[in-house]
> 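Please find one structure pasted underneath; my questions will follow.
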There are 2 protein chains.
Amino acid sequence: MEEKEISKAVIKRLPRYYRYLGDLLEDGVERISSNELSDRMQVTASQIRQDLNNFGGFGQQGYGYNVKYLYNEIGKILGLDKTYNMIIVGAGNLGQALANYVKFEKRGFWIKGIFDVNPRLQGVTVRGIAIRMTDDLPQFVRDNEIKIAALTLPKENAEQMANLLIENGVKAIWNFAHIDLRLPEDVIVENVHLSESLMQLSYNINRYEREHEIKE
Amino acid sequence: MEEKEISKAVIKRLPRYYRYLGDLLEDGVERISSNELSDRMQVTASQIRQDLNNFGGFGQQGYGYNVKYLYNEIGKILGLDKTYNMIIVGAGNLGQALANYVKFEKRGFWIKGIFDVNPRLQGVTVRGIAIRMTDDLPQFVRDNEIKIAALTLPKENAEQMANLLIENGVKAIWNFAHIDLRLPEDVIVENVHLSESLMQLSYNINRYEREHEIKE
DNA sequence: TAGATTGTTAATCGATTAACAATC
DNA sequence: TAGATTGTTAATCGATTAACAATC
């Protein structure tokens, strides 16, 4: 059976739907129509229905969507009903910030280890997790069935490190290094480029000022 | 004069062009054609030329693009030739991680202050910057002409805080809180939703596994 | 000049929105 | 049953790619 390809644009919107539905659930809302949700999320009702129908019919004519059901279904689509073992490679500020981020565990992402090359950090613990040296990585990844690695290290070491991790069983890289990793086809890569995000913000400040000046 | 609207997709690609051109510059490359750059960046040469021509003709027929010139021009488009005063609101792990990120200053983003509500953090310094209490915020923002604020605080306080900052002169919000801020039209908002990024990664792990199972 | 490569127009592709029949 | 709202097809819009004349 051929599964129809879901576009990246749709996938990017799913976590946002999930967040809104979670909030609705907390507020005790039982059902919601695509129109109501459209109002809250500032997207068209048409888009909501199209997006959801990529994965099946979760609603009911004349009724709308059951919030709890839809929340759970989107959770499943996103794989949040599963658990994943995860490590953080690079125990700098960003790495430690991620390690301290408790909510990941609520979603099934278990941080099993934090690694660094700096011997000074050896034994330092972050939220009860001891920072280990990268020499121990291959063994650790295999022993703990680590599937996800967050890379919070300098770009110079990122690709080599990614390959080492993959060789030992890692399936997905959450990449914070300022580089586009060239990795085997079947490896999942998700990039977070903070400085590029800040540059977009900067562009928009200037765009606004440019347009404003022109009108004067 | 009407400026033609540049699409978000184009703006999102600009920082990536900038990064590649910076790397080329470091490698001492003087000129590059859209075709060569296309190979390196894994985008079509046509897209590169289209994107750049939104802002003017930076190349030369028969020659290509001068790397240094194009790098500087894109820098200007992104507003990286200017400087901005910036604060971080929320001195948790993520806030401190951002404060420690030295490279922002290289791009003209000067971190002038870090704020928190927690009195325990008062006086603690991060990279030489003392953490201040949020009571002092309005005065500080005005006195230091703060234009950008990074919000690394719980979603419950984010929108109220954003409004307070805007009242005192902040033009742009770099939002790390898990909420969509509803703010005045002319305020620039750039979101970084880490948990949503991780969910996309999670989706892709599962997608791969689903497709694999189906083929068995 | 001949070759290379841009800038730009036209063609294609994909994503979003509109519309409405199906149905709860 | 009548009203509401989905699921889905068709229409529109926008973004990407292809093609090529302009020109360095």
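Residue numbering restarts at 1 for every chain, and letters A, B, ... go by the order of the sequence lines. All values derive from a computational prediction rather than experimental measurement.
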> Assess, by modelled atom type and distance only, whether the side chains of Tyr20(B) and Asp180(A) contain a donor and an acceptor separated by less than 3.5 Å.
yes
> Take atom CZ of Arg142(A) as the centre, draw a 6.0 Å sphere, and report whether it contains more than 12 heavy atoms from other residues, nucleotides or ligands.
yes
> In whole angstrom, what separates Glu5(B)'s CD from dA15(D)'s P?
10 Å
> Using the criterion of both pairing distances under 3.5 Å for Watson-Crick and G-U wobble pairs, give all stems of 3 or more consecutive pairs involving DNA chain C.
C:3-24 with D:3-24
> For Asn175(B) and Asn191(B), does a side-chain donor sit closer than 3.5 Å to a side-chain acceptor?
yes
> Looking at Asp81(A) and Lys76(A), is any side-chain nitrogen of the basic one under 4.0 Å from a carboxylate oxygen of the acidic one?
no
> What is the distance, to the nearest angstrom, from the CG atom on Asn54(A) to the C1' atom on dT16(C)?
12 Å
> With a 4.5 Å heavy-atom cut-off, do Leu183(B) and Ile173(B) have their side chains touching?
yes
> Rounded to whole angstroms, how far apart are CD on Glu73(A) and P on dG7(D)?
12 Å
> Is there a side-chain contact between Phe176(B) and His193(B) in this structure, where contact means two heavy atoms from C-beta onward sitting under 4.5 Å apart?
no
> With distance as the sole criterion, is a donor-acceptor pair present between the side chains of Ser33(A) and Tyr65(A) under 3.5 Å?
no
> Report yes or no: do Tyr101(B) and Asn93(A) form a side-chain donor-acceptor pair below 3.5 Å?
no
> Heavy atoms within less than 4.0 Å of DNA chain C: which residues of residues 8-21 of chain B have one? Give them sorted by number.
none
> Would one find more than 12 heavy atoms of other residues, nucleotides or ligands at under 6.0 Å from atom CD of Glu105(B)?
yes
> What nucleotide, of dT23(C), dT8(D), dG7(C), holds the atom closest to the side chain of Tyr65(B)?
dG7(C)
> Before accepting this row, confirm whether a basic side-chain N of the pair Arg19(A)/Glu196(B) lies closer than 4.0 Å to the acidic partner's carboxylate O.
yes
> Ignoring hydrogens and geometry beyond distance, is a side-chain donor-acceptor pair present between Ser197(A) and Trp174(B) at under 3.5 Å?
yes
> When you measure from every atom of DNA chain D, which of residues 22-52 of chain B have a heavy atom less than 4.0 Å away?
Thr44(B), Ser46(B), Gln47(B), Arg49(B), Gln50(B)
> Tell me the interatomic distance from Gln61(A), atom CD, to dC20(C), atom C1', rounded to whole angstroms.
12 Å
> Rounded to whole Å, please give me the gap between CG in Asn53(B) and C1' in dT8(C).
7 Å
> Check the distance between dT5(D)'s P and Asn66(A)'s CG and give it to me in whole angstrom.
15 Å
